[in-house]
Amino acid sequence: MRNCVRLLSLLVLLTLALGCGNVSPEKKRDSTFNVNAQLEYCADQAAKTLLLIPNDSSSLPRNIAHDSKEWRFIDYKDWTSGFWPGTLWYLYEGTNDKKWEKEADAFSRYLTPLSVTPALDHDIGFQVFNSFGNGYRLTGNPEYKDIILKAADTLATLFNPKVGTILSWPRDVPNMEWPQHNTIMDNMINLELLFWASKNGGDKSLYDMAASHADVTMRNHFRPDFTSYHVVIYDRESGKKIKAVTHQGYEDESMWARGQGWAIYGYTMVYRETGDKKYLDWAQKVAQVYLDRLPEDLIPYWDFSAPDIPKAPRDASAAALVASALLELTTLTKDADLAKMYADKAEKMIVELSENYLSKEKNSAFLLHSTGHKPAGSEIDYSINYADYYYIEALLRLKKLKAQKS
Ligand code: GLY
């Protein structure tokens, strides 16, 4: 009898071993990916950054050059000022450690003047919703709510009803035919602030402005193959489209990686907020063309038409942003195969970032190899705060998705 049991155990072990041998290296890699270990890595890195932050008025970490360990710090007016407090809020969410709540609160409060001064540009959404928005979601602090509602009203002052979109850059930017009306793809993200405000005590017209912006952008910002233009210029009086150009991409007709990322993330969010299927359909289409044209490792070059591919710089920030967007898109997609494809691709992107793009001992950011503004020669192959923000957001979304499945 004992021999029989031994034989049976041996057979079971053999079957298991053979079974494992059939798993492809990629699948094996994914199934062993440890989200919690990556969240711990983020907490360790952020703790190092906290020690490096100077105690003066420019106290927010923005970027680190590829040959440096030193953060460049910015003040609250910088368009990226919300990403560091937002990252701290995500650390609080991921660890439940009050230490992160205290830091997140302090760095968020530093941005308060944005809610009571005239709009610098559309970025007030990135700034205030990533900081106070996450803070309110996690704590329900009424002071944060008040600031978010004021910021939404400030953003709404840039809405031009003749065009039907927000004026993204209310200033002279080269090639934008100022004082005509410009709208950039990035602006899609900031509609979330308006939707949120309209449902949480703000004026209902904020909802209509956000929906109008999404519709007009859908009509004018995309080519027939669903790749996006970075900027559209409109006649500010007649509302007519004058031209579509790039600012941060390789050329007017190319697909700038992060711009397409903003479109995927933006239309996914607009569908979540409105429930209108046309936005889901759009998010799926703009995601598909991006996925179809990615290199094998799923991390885009900074622009899909960059002339020096495969030597062109990558953009880890676009990869992190899109991974996070796909993890939301998967939860909103009814077609099971399509939903699984989004989840699988997103996880592979996160695994690739976690295996080959970590800053580790090089510097105290989370990720290396992002590209900010290649045509201007700025932030090329850098660590950048928004790459880190979307990376940790994607990790938290992946963790949630895995928890729901198990
Ligand atoms: N919103 C500016 C950028 O994506 O670089």
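Just follow the structure's listing: the first ligand is 1, and inside any ligand the first atom is 1.
With I166 as reference, L194 is the one residue of N190, T183, L194 to meet the side chain to side chain contact (heavy atoms under 4.5 Å, CB included) rule.
Side chain to side chain, N363 and S359 meet the donor-acceptor criterion of an N or O pair below 3.5 Å. A side-chain donor-acceptor contact under 3.5 Å links Q284 and T333.
Applying the 4.0 Å criterion to heavy atoms of W262 picks out, from ligand 1, the atoms 4 (O). Less than 4.0 angstrom separates some heavy atom of Q248 from each of these atoms of ligand 1: 3 (C), 5 (O).
Closest to atom 4 (O) of ligand 1 among all protein heavy atoms lies R258 NE, 2.9 Å. Nearest protein heavy-atom neighbour of atom 1 (N) of ligand 1: D186 OD2, 2.6 Å.
Residue W256 has no N or O atom closer than 3.5 Å to an N or O atom of ligand 1. No N or O atom of D123 sits closer than 3.5 Å to an N or O atom of ligand 1. Below 3.5 Å of separation, one finds no N or O of W79 facing any N or O of ligand 1.
Checked against the 6.0 Å centroid criterion, the rings of W196 and Y136 qualify as a close aromatic pair.
Residues satisfying the side chain to side chain contact (heavy atoms under 4.5 Å, CB included) test with N160, not counting sequence neighbours, are K162, V163, H181, R236.
Classification of R109 and D105 as a salt-bridged pair holds, one side-chain N sitting under 4.0 Å from a carboxylate O.
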